[in-house]
Peer 1: 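The structure is given below, and queries will be raised subsequently.
All values below come from the heavy atoms of this structure, side chains included, with hydrogens, waters and symmetry mates left out. Computed from a predicted model, the values in this text were never measured in an experiment.
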Amino acid sequence: MLFPSRIKYRKSQKVQTRGLAVAGSSVSFGEYGIKAIGSGKLKSNQLETCRVILTRKLRGGGKLWIRVFPDRPVTRKPAETRMGKGKGEVDHWIAVIRRGRVLFEMGGVPEDYARAAFRLIAYKLPFRTMFVTRLR
């Protein structure tokens with residue numbers, strides 16, 4: 001699973017998912033992409049699942065770009081622990097996804113093939129998505 005090799009602070013505060021994506025809202029590298037219509041938090045294991053599905057679907061042909069990275073730590077206290085005693089340890093990593101963010105891009109494959117591949121990963125994502133193409 002993906003997570004940063006080094007970070008400045010081990011634990012972070014909660015983040016808001018409201019609003020529009022400031023950057024990364026257009027297809028830049030490939031020909032086709034999948035864009036988030038809703039906002040949410042994408043866990044690193046969900047991102048890894050999508051990556052595995054897409055690379056298996058491509059079977060060595062075409063190229064895949066992952067446009068998001070899980071760089072925010074999420075902490076959790078152990079079960080049956082009393083209140084207090086500080087913040088819990090890092091449990092997993094998330095990528096904060098705002099509305100309009102392009103998550104994955106694909107190139108070198110026909111459009112119907114890319115549509116079918118992105119439809120498969122849309123079921124695995126915790127928010128609504130849509131298929132987008134590059135502006136020419």
Peer 1: How many angstroms lie between atom CG of D71 and atom CG of L2, to the nearest 0.5 angstrom?
Peer 2: 10.5 Å
Peer 1: Does a side-chain heavy-atom distance below 4.5 Å link L42 with P70?
Peer 2: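 Contact flag for L42/P70 side chains = no.
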Peer 1: NZ/K41 to CD/Q46 distance, rounded to the nearest 0.5 angstrom?
Peer 2: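 Rounded to the nearest 0.5 Å, the NZ-CD separation comes out at 12.0 Å.
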Peer 1: To the nearest 0.5 Å, what is the distance between CZ (R119) and OG1 (T129)?
Peer 2: 10.5 Å
Peer 1: Centroid-to-centroid, Y32 to F118, below 6.0 Å?
Peer 2: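 Y32 vs F118: aromatic centres not under 6.0 Å.
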Peer 1: OG1 of T49 to CD1 of I121: how many Å apart, nearest 0.5 Å?
Peer 2: 10.5 Å
Peer 1: Do T133 and E31 pass the side-chain contact (heavy atoms from CB on, under 4.5 Å) test, and can you show the C-alpha distance, the side-chain angles, and the key distance before you say yes or no?
Peer 2: CA-CA 6 Å; T133 57; E31 300 161 21; over 6 Å; no
Peer 1: Grab the two heavy atoms, one from P73 and one from S12, that are nearest each other, plus how far apart they are.
Peer 2: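 Distance-wise, the nearest heavy atoms are O-OG, 3.5 Å.
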Peer 1: Are the side chain of K87 and the backbone of T75 linked by a donor-acceptor contact shorter than 3.5 Å?
Peer 2: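 Not at all, since once roles are kept as given, no pair shorter than 3.5 Å links the two residues.
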Peer 1: Are the side chain of T81 and the backbone of K77 linked by a donor-acceptor contact shorter than 3.5 Å?
Peer 2: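 No.
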Peer 1: Hey, are the side chains of Y113 and K57 touching, using non-hydrogen atoms and a 4.5 Å cut-off?
Peer 2: yes
Peer 1: Considering all heavy atoms of both residues, which atom of R59 and which atom of R56 are nearest to each other, and what is their separation?
Peer 2: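 Smallest heavy-atom distance, with atoms named: CG-O, 3.1 Å.
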Peer 1: Could you check whether atom CZ of F3 has more than 12 heavy atoms from other residues, nucleotides or ligands sitting under 6.0 Å from it?
Peer 2: no
Peer 1: If Ile, Leu, Val, Met, Phe, Trp and Tyr residues are connected whenever their side-chain heavy atoms lie under 4.5 Å apart, and connections chain through other members, are V68 and L54 in the same group?
Peer 2: yes
Peer 1: Do R98 and L20 come close enough that some side-chain heavy atom pair is under 4.5 Å?
Peer 2: no
Peer 1: Determine all donor-acceptor pairs shorter than 3.5 Å in which one atom belongs to a side chain in residues 99-112; sequence neighbours excluded.
Peer 2:
residue : atom : partner : partner atom : Å
R101    : NH2  : R67     : O            : 2.8
E105    : OE1  : S28     : N            : 3.3
E105    : OE1  : F29     : N            : 2.6
E105    : OE1  : G30     : N            : 2.7
E105    : OE2  : S28     : N            : 3.0
E105    : OE2  : R67     : NH1          : 2.2
E111    : OE2  : R115    : NH2          : 3.0

Peer 1: Is it the case that more than 12 heavy atoms not belonging to K124 sit under 6.0 Å from its NZ atom?
Peer 2: no
Peer 1: Could you go through residues 88-97 and list every donor-acceptor pair under 3.5 Å that involves a side-chain atom there, pairing it with any protein atom two or more places apart or in another chain?
Peer 2:
residue : atom : partner : partner atom : Å
E89     : OE1  : R10     : NH1          : 3.1
D91     : OD2  : R76     : NH1          : 3.3

Peer 1: Treating Ile, Leu, Val, Met, Phe, Trp and Tyr as nodes and any side-chain heavy-atom pair under 4.5 angstrom as an edge, say whether I34 and V52 lie in one connected cluster.
Peer 2: no
Peer 1: Verify the cluster assignment for L47 and F69: are they in a single hydrophobic cluster under the rule of side-chain heavy atoms below 4.5 Å apart?
Peer 2: yes
Peer 1: Roughly how far, to the nearest 0.5 Å, is the CG atom of L125 from the NZ atom of K43?
Peer 2: 13.5 Å
